[in-house]
Protein chains: 2
Amino acid sequence: MVEWRRDTSRWRQVANTIRARIESGTYPPGWLISEKAITDEWGIARTTARKAIAWLRDQGLIYTRPGYGSFVGPEPDDDA
Amino acid sequence: MVEWRRDTSRWRQVANTIRARIESGTYPPGWLISEKAITDEWGIARTTARKAIAWLRDQGLIYTRPGYGSFVGPEPDDDA
DNA sequence: AGATATTTGTTCGTATGTATC
DNA sequence: GGATACATACGAACAAATATC
């Protein structure tokens, strides 16, 4: 069960919690963050989880590989 | 940037502009009109874009396929 | 190579709450 | 009070990318 605050949207609360985990090292660089993991942990809809992920991506905290998932850290270079 | 008139609602202004594009051939039959394209171009909320689309649909100018988008022209028959 | 499963990408349908005019 | 407008949040369907068998 999750305790939601009423003064902020759910996707912001989720995004902030994940950001804290990244900054504390709970989610180290390279850690995989999937939409399903988020929806399962917080019991939210996929669209809501995607908003949180999009925000984290905009912040440069993660990058996303279609068909695979999102990873903690900066977008790696293409070349070897 | 968009210049909004004050004497009409935004969704009407958007709908009228799109209608003009359809009638002038800028948007030919089969042209895809998505909610996102509208919200991006005019900087309006999705609900507002949906009101414009609903109006165009009521006018018979477009038809909508859930999960795909709205297309210029009459609703096609189901059977091949 | 081919089929299948998983995951993200995209889009519409619907509903609710809030604020403004 | 009603119409308009925005943000949020749920669900559903299908497409595309990726990985596995």
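Given the structure is predicted, the values throughout are model-derived calculations rather than measurements. Chain naming here is simple, since letters A, B, ... match the order of the sequence lines and numbering starts at 1 in each.
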Take atom CZ of A:Arg5 and atom C1' of D:dT8, then tell me their distance rounded to the nearest Å.
-> 16 Å
Base, sugar-phosphate, or nothing: which does A:Ile53 touch, judged by heavy atoms less than 4.0 Å apart?
-> nothing
Among D:dT4, D:dA5, D:dC10, the one nearest any side-chain atom of B:Thr48 is D:dA5
A:Ile44 CD1 to D:dG11 C1': how many Å, rounded?
-> 14 Å
Compare the minimum distances between each of C:dT10, D:dC10, D:dT4 and the side chain of B:Lys51, then state the nucleotide with the smallest one.
-> D:dT4
Which is true for A:Thr47 with a 4.0 Å heavy-atom rule: it touches a base, it touches only sugar-phosphate, or it touches nothing?
-> base
A:Tyr63 and A:Val72: which non-hydrogen atoms are nearest, and at how many Å?
-> CE2-O, 4.5 Å
Can you find an N or O donor on one side and an acceptor on the other, under 3.5 Å apart, linking the side chain of A:Arg6 with the base of C:dG17?
-> no
For residues A:Thr39 and A:Lys36, report the shortest heavy-atom separation together with the two atoms involved.
-> OG1-O, 2.9 Å
Using whole Å, report how far CH2 of A:Trp42 lies from P of D:dA9.
-> 14 Å
Nucleotide nearest B:Ala45 when distance is taken to its side chain, options D:dC10, C:dG9, D:dC6 | D:dC6
Considering heavy-atom distances to DNA chain D, does A:Thr8 or A:Gly67 have its closest nucleotide positioned more toward the 5' end?
-> A:Thr8
Can you tell me how far C1' of C:dG9 sits from NZ of A:Lys36, to the nearest Å?
-> 18 Å
When the distance from CD of A:Glu35 to P of C:dA5 is rounded to whole Å, what number comes out?
-> 20 Å
With a non-hydrogen cut-off below 4.0 angstrom, is B:Arg50 in contact with a base, only sugar-phosphate, or nothing?
-> base
Which residue lies more 5' along DNA chain C, comparing A:Ser34 with B:Arg57 via nearest heavy atoms = A:Ser34
With the side chain defined as heavy atoms from C-beta on, A:Tyr68 is closest, among D:dA17, C:dC12, D:dA19, to D:dA19
Could you tell me whether the phosphate oxygens of D:dA19, OP1 or OP2, come under 4.0 Å of any side-chain nitrogen or oxygen in A:Arg65?
-> yes
Taking it one step at a time, do A:Arg21 and A:Glu41 satisfy salt bridge (charged side-chain N to carboxylate O under 4.0 Å, His left out)?
-> CA-CA 14 Å; A:Arg21 290 179 184 173; A:Glu41 176 175 357; 2.8 Å; yes
Consider only side-chain N and O atoms of A:Arg10 and A:Thr48, and report whether a donor and an acceptor are under 3.5 Å apart.
-> no
Look at all strands and tell whether A:Arg12 reaches a base, only sugar-phosphate, or nothing, counting heavy atoms closer than 4.0 Å.
-> sugar-phosphate
Whole angstrom value for the distance that separates P of D:dA3 from CH2 of B:Trp55 = 19 Å
Rounded to the Å, how far apart are B:Arg10 CZ and C:dC21 P?
-> 11 Å
When rounded to whole Å, the CH2 to P distance for the pair A:Trp11 and D:dC10 reads 13 Å
Counting N and O atoms only, with roles assigned by atom type, does the side chain of A:Gln13 sit under 3.5 Å from a partner on the main chain of A:Thr8, one being a donor and the other an acceptor?
-> yes
